[in-house]
Amino acid sequence: MLNHRFLCRNEDLKEMLESNKESLKLEAMKRIVGLIAKGKNASELFPAVVKNVASKNIELKKLVYVYLVRYAEEQQDLALLSISTFQRALKDPNQLIRASALRVLSSIRVPIIVPIMMLAIKEAATDLSPYVRKTAAHAIQKLYSLDPDQKEHLIEVIEKLLKDKSTLVAGSVVMAFEEVCPDRIDLIHKNYRKLCNLLVDVEEWGQVVIIHMLTRYARTQFVSPWREDAMFDENNEKAFYDSEEERKVEQTKPYIMDPDHRLLLRNTKPLLQSRNTAVVMAVSQLYWHLAPKHELSIITKSLVRLLRSHREVQYVVLQNIATMSIQRKGMFEPFMKSFYVRSTDATHIKTLKLEILTNLANEANISTILREFQTYVKSQDKAFAAATIQAIGRCATNISEVTDTCLNGLVLLLSNRDETVVAESVVVIKKLLQTQPSQHSDIIKHMAKLFDNITVPMARASILWLMGEYCEHVPKIAPDVLRKMAKTFTNEEDIVKLQIVNLAAKLYLTNSKQTKLLTQYILNLGKYDQNYDIRDRTRFIRQLIVPNEKSGALSKYARRILMAPKPAPVLQSAFKDRDRFQLGTLSHTLNSQASGYLELSDWPAVAPDQSVRNVEVVEPKFYSDSEEEEEEEEEGSSSEGSSSSSSEESVSESESEENSDDSNKSSSSQSEKSSSESDSEKKKKTLKNKKLQQQKPDILIITYLPPQIMQKTLLLIIMTKYILIHIVLSISTQFFVNCMCSLLHLCVFLACQFDVVSWHVHVSLQASSPVFVPETSHELLHRMTGKGLSAQYRFTRQPCIYGNSMVSLQLTLSNSSDQALENIHISEKSSTGQNIHRFNAIGERHTTKEDEFSVSIQPAVGELLLPITMSEADFTKEQGNTNTSYWHADETPTNRPIHFSVCISRFAGKTVSSGSLVLVSVALKDPDAVITINTEKTVIGSMLLRQFKTALTNSCP
Amino acid sequence: MIHSLFLVNASGDIFLEKHWKSVVSRSVCDYFFEALERATEPENVPPVIPTPHHYLINVLRHRIYFVAVIQSEVPPLFVIEFLHRVVDTFQDYFGVCTEAAIKDNVVVVYELLEEMLDNGFPLATESNILKELIKPPTILRTVVNTITGSTNVGEQLPTGQLSVVPWRRTGVKYTNNEAYFDVIEEIDAIIDKSGSTITAEIQGVIDACVKLTGMPDLTLSFMNPRLLDDVSFHPCVRFKRWEAERILSFIPPDGNFRLLSYHVSSQNLVAIPVYVKHNISFREGSSQGRFELTLGPKQTMGKAVESVLVSSQLPRGVLNANLNPSQGTYTFDPVTKLLSWDVGKINPQKLPSLKGSMSLQAGASKPDENPTINIQFKIQQLAISGLKVNRLDMYGEKYKPFKGIKYMTKAGKFQYFDRIHILFKCFFYYLLPI
């Protein structure tokens, strides 16, 4: 009957769907969605519904989509009818329609359309709308779960999308990465810095995913910031509290944090203030797993703040705090009162708070905590009261000063009216007594007296065990208890029976005169017990203690076996072993590995090559795009202040908002400008103010290896008349990059003005030539000293457009004060005999107040060199015949395995200012390296040598 | 990530299900029901429940369990936070988030859930964006839609989705431009029998209702920003500006939102504005107990304490209470043993009191614990922490908005065992100079 009615109803829905009226169709779809929501089966309407997939009415269409996604898996053949509609919609000019078509197409779990989905994803990944690209990132995961064989193709798409600069896409593509290929950490290298810099602007859900991914990434790429001896060492807790000086003294061997590691920590820190609890937790776990121990304290406040959130949030956060508090009491001790239990808390919250309070207990605060516990014991929630008694027991064992106080308190509880409380107290007292039994025979006597009133089996068993174990302390009472137990044996619980047998055995050995008969009686009872454990135990005990002809050698040792001193139980936290899981994960919450859990690797002993994150690899066919990409990369990483404005170039339609969102918006002018300097180690400049004209030349940096392509590209560029072009050749051998970048940054570049084409192709040793332009900028003026104005500089390694004997320098000025800074310029009375190309002042000229700041630039020697090209023969000749040359040689130990065949590497360069020749050759002879530097400038020679040496030693594994 | 969502009502029925990936059978909820049965109180259901093939993460709001089904590792807070966001969205759309409201608007609910998650990963959770995609149901719109055949569903991608201020929609227009800020503070205190404070902390939020045309850029500054010990912001607040100058600078979302929540450091002494004198005693062997409770104001800076509500969980042995309030009304629920007394306003001249006797179960032993007393109240025109807004400025738009700030302190939570635990609420209302 019911079924019939249901069918009838479906009939009229079908009719409505087939009518011509939009409103009727819509009404029908709404009712169908209602059925789906209730979990009713509406699959037989599929043919009628699928016809409406191309409807013009957008709400109707959406509801049809909902239906399709729900039932397509069951009705695969019919679902195929709708595919062509989606394919058409994928080309729609409206981005919302394109995106939703892709969403539905990829949600239809029909294996036949996998190729179509693949194509659609590939196309959408290059869509102009970031929203569509985001949808594509989601579709990747759907396709992967439908057909894991597509993995390789999907990874290609992921790789492409990872390069995307839109904040909208970042979170989704990292999610896809985590699901499809979490082990392909190499895909992240090039995007690492971009992700760090974008992070603040990514939507909150994306932030969580990215932070978790970056945590894993950082653990594989950086060396541990923790001193080995302090790591996970509870006993060292003291050292943590003690003064900072002490730590500093200890930390004589310098640990230098990778700048990328620092970048991650710095860029995630503001997110601790997020309103999204998941983000705060993600940052906290990142700090926990990555930050140096002394920086950890900044997460405490935020975590405690989360405790005022919803019950479920509290639960997860408290669990994580419990794990943290075991290892680092100091973090949470000042916030101890935040963990006081409130009667309205749910039971699992109360237990967790109790756990944390116990973990936090130490000599100083134990009295406060115990007073707090006393009120908890009176709680009406008996399970919680019992847990409190356990906690008191733990405090008593951990802190020897209060053991007696706790014990006395627990003995008082034995007269409590509530049975669970009494029972729990007995169990805990038993554990405590084991540590110092001799002094407490009166407590044992007291408990024996209580025995008749206690019915909880665990408590009875505990008392019996105590009697047996310390029967020598209570020689009169124990046999009496055994007598009583013999009477009630059959009515006891199994656990109690076992202890009765134990007690009987122990008494038999110590006091056989009084208890021989009793024991035999009990052993007989046990022999016929229903429980096989008890029968088993009885048989075993009988053989062990009762001497007979069959008993073997063991019975001689019966006393030593049964009465052996037993170690006191260690009462420890249930969260002790949770730290094997990454904090904040589902696995940590459940304390068992969830499917799909990705293990956090240990720190590598030696940092993998850092330079992999350095250079942006640009595919030659996209080089016209590469221009903006490279530029942004430079800006983005050049200074923190500019990070928010650097995304201006992103495809977003609302640049202006971005600008106004920028913290240093009002009058801050941030621009690049090449000013030049002559070579000397120290320069003094004074900055003041004016308008910086954007004179930035169009720059194209190509970092690509094969020379043929290089040349073609160059020609192309010249034809398109770029004003100034810098072509940077890059090297593949990692060893080189390492030496180069960390030290001196010898770089090779070619400059060509579009009318004067002059380039040198550098072929010093291999087909590829070395290059590296560091992204790091150095601080010139801190915002505190500069009264709001901060300046940073970096060497661009581009030929200076103002003079051949100058070094170009990029200055980034930013204003972090709330007032407009005006008329910034380099003062005239500056440096000592150096030639500086000054830029025009920034801003208008009605200054009221003047400030002068003295700053100095300290360039690495390498920055003052220009690479030149010469053949190997020339090089050797030059090396030999420069009479005036100053010759340096040194041997530096290195354990670095040599990866390339040519073991001698040579560089030629000249100083920018005077053009004097500098020749460097590095010969690697495992494990040593011989560095030879020929130059007439002694100072430069010795400084270069020193830098080479440190760089070579540092880059060793 | 999130595989499916089931909504379960207080009586344990699934009344809505939604799947984002393959369909997960309802029977997975059996594990949840097991946990529900084991729990003595609705709040005691563990938020994360493992099952052989799935993990269930649930939140309880408005007596509805939102049960999300997860198949693999995901930060649990991610799911919990998202579920709460779903509830907030429903509340925003339907005014209330009850079973009836959800059932009535099941199509809108479905459309919302469809937009909020794609393949289990959050897609659009900002209320401003969602409202452009799916218009909230109103009676007027329903009528208009049936006549004209227009729909509730937006046809264009919301402008916010792509912009750097995704929380604000573009093209906002109002004839009256207004911005209201409510400073609401809560004191959470535990007080022991003798009246001394064990812990007390102040938590505050600033809730805003901003109805301003265009793209206004607001700054809000405080007289005493140093009071704020720990803050968390709506994403619209520029963090660097706060770091540097302690000024809230933001482009607000349109409508209601929580701008800021803060915590006032517990180092500062918190003045508790009321005191409680109570004497609850039972005699051994007697079936009677005495109950006495008096309330009085303390350090309220001349402001009246209003809407006072006292509640207390009496011991289980208490059968009934026969009490006599000097003002207000009281109720005692013999099943849950919850005593609640609606006091109203405290008159300092004539302090409210509740006195009388309790009858105990015959033969039962004397209850040994002192009941917990919870007190809630409001104090108008008093921000208990002393936080004061200095000024509110608007940039980026030409018109002059109407601006208002309201302060209020909520009274605390409860007394604990033999302690008092209090939560306060004060209101303070004045208009800022423009």
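Chain letters run A, B, ... following the sequence lines, proteins first and then strands; every chain starts at 1.
Closest non-hydrogen pair, Ser587(A) versus Glu73(B), comes out as OG-OE1, 2.6 Å. The shortest non-hydrogen separation linking Val317(A) to Leu77(B) is CG2-CD1, 4.1 Å. Scanning all heavy atoms of the two residues, the minimum distance from Asn44(B) to Thr347(A) falls at OD1-N, 3.0 Å. Here the closest non-hydrogen pair linking Leu123(B) and Lys134(A) is CD1-CE, 3.7 Å. A pairwise comparison of heavy atoms in Thr585(A) and Pro76(B) identifies C-CD, 3.4 Å as the closest pair.
Taking Arg275(A), Glu179(A), Lys142(A) one by one and counting their heavy-atom pairs under 4.5 Å with chain B, the maximum is reached by Arg275(A). Note on Thr135(A), Leu583(A), Val316(A), Val209(A): by heavy-atom pairs under 4.5 Å with chain B, the leading option is Val316(A). With chain B as the partner, the residue from Ser274(A), Pro270(A), Gly34(A) showing the most heavy-atom pairs under 4.5 Å is Pro270(A). Comparing Thr125(B), Ile57(B), Val106(B) by how many heavy-atom pairs each has under 4.5 Å with chain A, the most go to Thr125(B). By number of non-hydrogen pairs under 4.5 angstrom with chain B, the leading residue of Ser309(A), Ser595(A), Ala594(A), Ala278(A) is Ser595(A). No other option in His212(A), Arg70(A), Glu178(A) has as many heavy-atom pairs under 4.5 Å with chain B as Arg70(A). Most heavy-atom pairs under 4.5 Å with chain A: of the set Ala39(B), Pro75(B), Ser232(B), this distinction falls to Ser232(B). Considering only heavy-atom pairs separated by less than 4.5 Å from chain A, the leading option among Pro46(B), Ser261(B), Pro235(B) is Pro235(B). Note on Met1(B), His19(B), Lys18(B): by heavy-atom pairs under 4.5 Å with chain A, the leading option is Met1(B). Ranked by heavy-atom pairs under 4.5 Å with chain A, the first of Asn119(B), Ile70(B), Ile49(B), Leu113(B) is Asn119(B). Put simply, of Gln593(A), Arg305(A), Lys337(A), the one with the most heavy-atom pairs under 4.5 Å next to chain B is Arg305(A). Of all the listed residues (Val23(B), Leu83(B), Val237(B)), the one sharing the greatest number of non-hydrogen pairs under 4.5 Å with chain A is Val23(B).
Of the two parts of Lys103(B), neither the backbone nor the side chain holds a non-hydrogen atom closer than 4.5 Å to a non-hydrogen atom of chain A. Neither the backbone nor the side chain of Val69(A) comes within contact range of chain B; no heavy atoms are under 4.5 Å apart. Proximity to chain A (any heavy atom under 4.5 Å) is restricted, for Trp20(B), to the backbone atoms N, CA, C and O. Heavy-atom distances place no part of Val109(B) under 4.5 Å from chain A, backbone and side chain included. Looking at Glu22(A), neither its backbone nor its side chain comes within 4.5 Å of chain B, counting heavy atoms on both sides. Heavy-atom distances place no part of Leu272(A) under 4.5 Å from chain B, backbone and side chain included. For a residue to count as touching a neighbouring chain, one of its non-hydrogen atoms must lie under 4.5 Å from one of that chain's; by this rule Leu117(B) touches chain A with the backbone only. Interface residue Phe233(B): backbone and side-chain heavy atoms are both found under 4.5 Å from chain A. Neither the backbone nor the side chain of Phe6(B) comes within less than 4.5 Å of any heavy atom of chain A. Contact annotation for Tyr110(B): only side-chain heavy atoms (C-beta onward) come within less than 4.5 Å of a heavy atom of chain A. Neither the backbone nor the side chain of Val200(A) comes within contact range of chain B; no heavy atoms are under 4.5 Å apart. Neither the backbone nor the side chain of Arg258(B) comes within less than 4.5 Å of any heavy atom of chain A. Proximity to chain B is limited to the side chain of Glu204(A), based on heavy atoms less than 4.5 angstrom apart. The part of Arg109(A) that comes within reach of chain B is its side chain, from C-beta onward, which places non-hydrogen atoms under 4.5 angstrom from that chain. Neither the backbone nor the side chain of Ser100(A) comes within contact range of chain B; no heavy atoms are under 4.5 Å apart. With a threshold of 4.5 angstrom between heavy atoms, Thr40(B) does not approach chain A through any atom at all. Of the atoms belonging to Glu41(B), not a single heavy atom falls under 4.5 Å from chain A.
Ring geometry for Phe78(B) versus Trp205(A): interplanar angle over 60°, hence perpendicular rather than tilted (30 to 60°).
Separating the NE2 atom in His138(A) from the CG atom in Asp118(B) is a distance of 5.5 Å, to the nearest 0.5 Å. Remark: Gln273(A) CD to Trp242(B) CH2 distance equals 9.5 Å, nearest 0.5 Å.
Residues Lys269(A) and Glu243(B) are not paired through a salt bridge, judged by the lack of any N-O separation under 4.0 Å between the basic side chain and the carboxylate.
Side-chain atoms of Lys301(A) and His263(B), non-hydrogen and from C-beta on, never get closer than 4.5 Å to each other. Side-chain atoms of Val304(A) and Asp230(B), non-hydrogen and from C-beta on, never get closer than 4.5 Å to each other. Here the side chains of Glu81(B) and Met281(A) are not in contact, with every heavy-atom distance at 4.5 Å or above.
When the options Glu111(B), Glu114(B), Glu115(B) are evaluated for a salt bridge (charged side-chain N to carboxylate O under 4.0 Å, His left out) with Lys62(A), the one that passes is Glu115(B). Of the listed residues (Val59(B), Ile80(B), Leu60(B)), just one forms a side chain to side chain contact (heavy atoms under 4.5 Å, CB included) with Arg311(A), and that residue is Leu60(B).
His348(A) meets the ring-ring contact (aromatic ring centres under 6.0 Å, His included) test with Tyr315(A); sequence neighbours excluded.
In this structure, the side chain of Glu43(B) does not engage the main chain of Ala346(A) through any donor-acceptor pair within 3.5 Å.
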